[in-house]
Amino acid sequence: MLSRIVERSVVVATTPWTIWRVLTDFSAWQRWNPFMPSMQGTAEAGQDVEALIRLWGNSPSPYMLRVQQADFCRQLVLTGSFRMPGLADVIHCFIIAQLDSHTSRFTHGLRVSGIFVPLLAGRIGRAAGQGMETMNISLKAVAQARR
């Protein structure tokens, strides 16, 4: 199956715990997250969450995602499909790695696979990459303000 992987990382001057609190407080995403301006649900494995995702500078589009993994202060993995499985299946992986006692790396990875990937490969990379970058910068600002 064809797939496209996009990844963006940022170093944050705070602990994994602070990043985790910002990342998993879905109700606050609308205040700081320009890429995914709404997330409703809880960050618990097996839970379905409703997300709005903004691609290509358009209005946010709704997506149903499922929390596959929620490893406390380390990793949050969300999966979903566009319209129906096999067209454009997505995995959002948020990874937090402690670099030292006051610094962490936050990585947002996205894998899109399915039959639509050849048609959208370039657009996926540009739009998702830009969105992930703005999300990372915003998360960094919020997390560092909470230290």
Enquirer: Only counting residues at least two apart or in another chain, list the ones meeting salt bridge (Lys or Arg N to Asp or Glu O under 4.0 Å) with Glu50.
Expert: none
Enquirer: With sequence neighbours excluded, tell me which residues meet side chain to side chain contact (heavy atoms under 4.5 Å, CB included) with Ala141.
Expert: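 So Ala141 forms no side chain to side chain contact (heavy atoms under 4.5 Å, CB included) with any residue.
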Enquirer: Same hydrophobic cluster for Val12 and Ile137, using side-chain heavy-atom links shorter than 4.5 Å among ILVMFWY?
Expert: no
Enquirer: Only pairs under 3.5 Å count here: list side-chain donor-acceptor contacts from residues 30-42, not counting sequence neighbours, and write none if there are none.
Expert:
unit_1 : atom_1 : unit_2 : atom_2 : d
Asn33  : OD1    : Phe35  : N      : 3.1
Asn33  : OD1    : Met36  : N      : 2.9
Asn33  : ND2    : Met36  : O      : 3.4

Enquirer: Can you list the residues that meet the side-chain hydrogen bond (donor to acceptor under 3.5 Å, both in side chains) rule with Thr134, with sequence neighbours excluded?
Expert: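 Here no residue qualifies.
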Enquirer: Would you please name every residue forming a salt bridge (Lys or Arg N to Asp or Glu O under 4.0 Å) with Asp48, sequence neighbours left out?
Expert: Arg66
Enquirer: When clusters are formed from ILVMFWY side-chain contacts under 4.5 Å, directly or step by step, what else is grouped with Leu52?
Expert: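 None, because no other hydrophobic side chain comes under 4.5 Å of this residue.
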Enquirer: Suppose we screen for side chain to side chain contact (heavy atoms under 4.5 Å, CB included). Which residues come up paired with Pro16, at least two apart in sequence or across chains?
Expert: Cys73, Ile96, Gln98, Ser104
Enquirer: Tell me, please, which residues at least two apart from Thr79 pass side-chain hydrogen bond (donor to acceptor under 3.5 Å, both in side chains).
Expert: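 Thr79 satisfies side-chain hydrogen bond (donor to acceptor under 3.5 Å, both in side chains) with Gln68 once adjacent residues are dropped.
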Enquirer: In chain order, what residues pass the side chain to side chain contact (heavy atoms under 4.5 Å, CB included) check against Thr18, with sequence neighbours excluded?
Expert: Thr14, Thr15, Ala143, Arg146
Enquirer: Can you confirm whether more than 12 heavy atoms, excluding those of Arg105, are under 6.0 Å from its CZ atom?
Expert: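 No, because the 6.0 Å sphere around CZ of Arg105 holds 12 heavy atoms or fewer from other groups.
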Enquirer: Can you hop from Leu78 to Phe72 via hydrophobic side chains spaced under 4.5 Å?
Expert: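 Same hydrophobic cluster.
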Enquirer: Give me the other members of the hydrophobic cluster that Ile91 sits in, counting Ile, Leu, Val, Met, Phe, Trp and Tyr linked by side-chain heavy atoms under 4.5 Å, directly or via other members.
Expert: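 Traced through the cluster, Ile91 reaches Val77.
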Enquirer: List in chain and number order the residues that pass side-chain hydrogen bond (donor to acceptor under 3.5 Å, both in side chains) with Glu7, two or more places apart in sequence or in another chain; answer none if no residue qualifies.
Expert: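 Partners of Glu7 under the side-chain hydrogen bond (donor to acceptor under 3.5 Å, both in side chains) test: none.
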Enquirer: What pairs with Arg74 under side-chain hydrogen bond (donor to acceptor under 3.5 Å, both in side chains), at least two apart in sequence or on another chain?
Expert: none
